[in-house]
Amino acid sequence: MAKASNSAPKNIRNGLDAETVKWDFAETLKYTMGVDSYSATEHDRYMALAYAVRDRLINQWLQTQRTHHDKDVKRVYYLSLEFLMGRAMGNNVINSGIEGAVRKALDELGYDFEELREQEIDAGLGNGGLGRLAACFIDSMATLDLPAFGYGLRYDYGIFRQEIDNGYQVEHPDDWLRNGNPWEIERPDISVEVNFGGRVVATEDNGKINYRWIDTDSVVGVAYDQPIVGYGGNTVNTLRLWGARANEEFSFYDFNAGDYAEAVADRVQAENLTRVLYPNDTLYLGKELRLKQQYFFVACSLADIIRRFKKSGKKWTELPKMAAIQLNDTHPSIAVAELMRVLIDEEGLDWDSAWDITVNTMGYTNHTLMPEALEKWSVPMFEKLLPRHLQLIYEINHRFLSKVAVKFPGDTAKLRDMSIIEEGEPKMIRMAFLAIVGSHSVNGVAALHTELLKARLVPNFASMWPERFNNKTNGITQRRFLLKSNPPLAELLTETVGDGWITQLSELEQIRSKAKDATFQKKIAKVKLEAKKRLAEYVEKDYGYKLDTSHIFDIQIKRIHEYKRQLLNALHIIMLYNRIKRGDTKDMAPRTFIFGGKAAPGYQMAKLIIKLINNIATVINNDPDVNKYLQVYFLGNYRVSLAERLIPAADVSEQISTAGTEASGTGNMKFMANGALTIGTLDGANIEIKEEAGDDNIFIFGMNADEVEALRPVYDPYQYYLEDTEIKEALDLLFSGYFNFGEPGIFEPIRQTLFERGDNYMHLADLRSYADAHDQVVKTYNNQKKWLEMSINNIAGCGKFSSDRTIHQYAEDIWNVKPCKVERNTEGDDTLIEATLKGKK
Ligand SMILES: *Cc1c(COP(=O)(O)O)cnc(C)c1O
């Protein structure tokens, strides 16, 4: 037997070469997973590799915290109820620069990195774009060397797993932690006690009134930390997620009274607080448990921020110079009241000082204008849970409205419209108003969205504080959505313009000069075909569908929502079906339409649209006259890791929301960077994509936001049905029951939505224009030279849509946070471990 231990290398846990990675992997398999190479499962090997990779992040993680502390830097705190992280393995090995070593190590051991990483379950702690934005942002903050923390909740169950059964969405719990999470470190020592309920008592002390919040129930938040590696590996920031635990003292009385089982059951109840992510995207439900989650999250995060600040020994007025808190939507907007409570009730500050500090620390990002998404908490529910915060909000409102009264004398309608408290039965707290009043910055997420935010949603606030409002067009990280997810394209781009684009995406502008270059076009075409083949292989393995890679891949992936108009796409597919059945197939390039997306479990119309798409798919894919021209697939359980496979393979990106409804979109940006051409409305960031790609490099159709607004009062969907025979025939076929032969009447609610409930998202008004734009898509595709030129111009123009650009703007305009370089810790583990080995002295 070989004496392996004699050849053990140094730095097993932090070496950056394949040899040390192998040793760490083997040791972890043995000592942490407790298996030998015969009994180890693929999952054991994934875990061992993940721990070996995590080991290699620890030095810079500690070094980063030490550097930020020693240099006493201002930090960003990004507060988000959602972080849609997806998988960590690929991103971590790429950003830390050890991908080569890891691949080599596994290769030499006879394991396949690609297969191993398939073991990782997506961290799905978000619904869609808002949660993915938070994930892209923390990647960019680390890459830009910004001292930053992401704060969120550690839900035991993330966004549900979607299965499709007989065409219907079925939800399954996402037990993502069942096999353990190798990327997180639990920190039981970092914990916060959070109070709920109880009552407020006022006491007078030397003429000053003090408020005490007493008789509360409490829950404890425990920190779970995950390293966030910037590209290059020097800065490693922290994503800190809070998990709920029962207080040690909780139910002490019941224990002593002998009702042991009852007391334990109560403890379990407390821990339900962070059990599950609410699965609604852009839909607000006034659920008490959700309000509890929000306050728990905010209280834990602010306590942590304040604890860190207090260690510095600085005066309270310095807080805005040391901390920038960004609120991702109104979900964490109770932070305004909570910071006031801490500063006044716990730290003894006067109102005006506390208010200055609060406003100068907070920034608020608005994500939607849609009324059903705006959070409003009922005053009675709020009062029961957070009585002291309600008092503070009333006082904030009172002082705010006095200012409004000065600005607009005698205008009582203004006072009512702008009040944080909405009159009615019950009264409601308008959380967006609280966030606006309590922040020095309010930003929208795309140029159009910010304009509409100011003009339509909160015009009075915009005229009162014009300087407070600003735009920060969203972005995506090219490290995940190009470098990691599309290696052949990444290689081609690097070979053509160098690798600067990985951190400076606008470097890709250089390829515009090659847009008409036949040799370069050929390479782009080859890379796209490779991506389509990779997708086809995966889809066949995971779904059993055989995709035809000679087809145009036309993809719509996003949450299923009426405003995103998957139904518009479906109606157009029926029009194409009729054309093919009629024999009208001249110039028709074969197309495969691919859909993916989850519907909120309670959103019946969205779920019915999934069923419709699946039923259309069944009819079309099984019709031999049709399926050579047209195929349709709905891929279940859309999530980040599936997005990473689909987007590189897309020829056409569907971004077809009713103008004025999609705040930005970020899926649109991922597709653009991968050379797909967009068919889209003048909505959200599509407008900016058009500007950056060039007007001729996108397929725009339909009404703009002003036209939608102007048509709305007189819109008659029936008229569009009567006046366009092709539209009429498609709708007649659908509502004849043709696609639901065995289930009569199931699509009746869709007919009612379109014709009897006024087609709120104006599908019929845009359908003709959409169909014509699709004809243009096909015509262009048939001219491959033109198509590839346009595709290259899209890649060339995608630079603006890097989240690095977005984060740079937040840092400069809102946060005033500067980059802080972190030195490479070349001494490795040694100094830290030696310090421990010296023992305590
Ligand atoms: C990017 C992304 C989204 C957002 O897509 P939109 O088209 O902007 O709505 C949603 N879900 C996942 C998994 C994503 O990666």
Side-chain angles (χ1 to χ4, degrees), residues 80 82-87 90-91 121-137 139-140 158-162 174 176 277 279-283 328-329 367-368 370 373 445-446 448-449 473-482 484-486 554-566 568-569 594-600 606 635-648 650 652-658 661-674 676 678-681 683-689 798 801-803 806:
S80 180
E82 303 190 10
F83 282 91
L84 192 52
M85 299 294 287
R87 292 173 174 164
N91 204 244
I121 304 175
D122 280 38
L125 307 185
N127 277 283
L130 176 150
R132 185 54 232 176
L133 185 76
C136 285
F137 277 5
D139 179 89
S140 285
I159 189 65
F160 63 85
R161 184 167 52 80
Q162 177 194 57
D174 167 43
W176 71 293
L277 166 79
N280 310 295
D281 190 57
T282 58
L283 175 72
N328 195 24
D329 210 317
H367 282 272
T368 179
M370 295 205 299
V445 291
L448 173 70
H449 168 66
T473 298
N474 282 166
I476 53 136
T477 170
Q478 67 268 32
R479 268 85 54 189
R480 180 175 293 264
F481 290 106
L482 188 48
K484 169 178 177 297
S485 65
N486 197 348
D554 182 309
I555 305 187
Q556 187 173 20
I557 43 176
K558 49 185 76 247
R559 288 298 289 247
I560 311 294
H561 200 295
E562 287 167 279
Y563 87 80
K564 292 177 181 282
R565 295 201 296 194
Q566 283 89 359
L568 183 67
N569 194 340
I594 299 172
F595 292 84
K598 293 171 183 175
L635 302 184
N637 204 29
Y638 178 55
R639 60 198 186 283
V640 174
S641 60
L642 184 56
E644 289 175 32
R645 296 178 186 279
L646 285 164
I647 292 166
V652 180
S653 159
E654 295 273 350
Q655 308 300 336
I656 60 177
S657 52
T658 314
T661 63
E662 185 76 274
S664 164
T666 51
N668 47 4
M669 302 168 184
K670 302 167 195 167
F671 281 104
M672 181 196 199
N674 283 273
T678 302
I679 182 167
T681 47
D683 199 15
N686 296 351
I687 295 169
E688 292 159 74
I689 286 175
C798 77
F801 305 106
S802 169
S803 46
T806 315

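When a ligand or atom number is given, it counts from 1 through the structure's own listing order. Predicted model only: the values in this text are computed from it and were never measured.
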**Message:** Would D139 and R479 count as a salt bridge (Lys or Arg N to Asp or Glu O under 4.0 Å) here? Give the steps.
**Reply:** CA-CA 9 Å; D139 179 89; R479 268 85 54 189; 2.8 Å; yes

**Message:** As a quick check of understanding, evaluate side chain to side chain donor-acceptor pair (under 3.5 Å) for N474 and T666, giving each step before the final call.
**Reply:** CA-CA 7 Å; N474 282 166; T666 51; 6.0 Å; no

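Ranking the protein heavy atoms by distance from atom 11 (N) of ligand 1 puts Y638 CE2, 3.5 Å first. At the top of the distance list for atom 8 (O) of ligand 1, counting protein heavy atoms only, stands T666 N, 2.8 Å. Nearest protein heavy-atom contact of atom 5 (O) of ligand 1 is G667 N, 3.7 Å.
Remark: the Q478 side chain and the S802 side chain contain an N/O donor-acceptor pair separated by less than 3.5 Å.
Taking a cut-off of under 4.0 Å to the non-hydrogen atoms of V640, the atoms of ligand 1 that pass are 13 (C). Every atom of ligand 1 is numbered from 1 in the order shown, and the set under 4.0 Å from a heavy atom of G665 is 8 (O). Every atom of ligand 1 with a heavy atom of G128 under 4.0 Å away is listed here by number and element: 10 (C), 11 (N). In summary, the atoms of ligand 1 found under 4.0 Å from a heavy atom of G129, numbered by their order in the structure, are 3 (C), 4 (C), 10 (C).
Here atom 1 (C) of ligand 1 lies nearest to K670 when heavy atoms of K670, K558, H561 are compared.
Side-chain atoms of R559 come within 3.5 Å of backbone atoms of K598 as a donor-acceptor pair (strictly under, hydrogens ignored). Checking side-chain atoms of R480 against main-chain N and O of N91 turns up no donor-acceptor pair under 3.5 Å.
For K564, the heavy-atom gap to ligand 1 drops under 4.0 angstrom.
When K564, E662, Q556, K558 are each tested for a side chain to side chain donor-acceptor pair (under 3.5 Å) with Q655, only one passes: K558.
Take E688 and apply the side chain to side chain donor-acceptor pair (under 3.5 Å) test, not counting sequence neighbours, and it matches T473, K800.
Counting heavy atoms closer than 4.0 Å to ligand 1, residue R639 contributes backbone atoms (N, CA, C, O) but none from C-beta onward.
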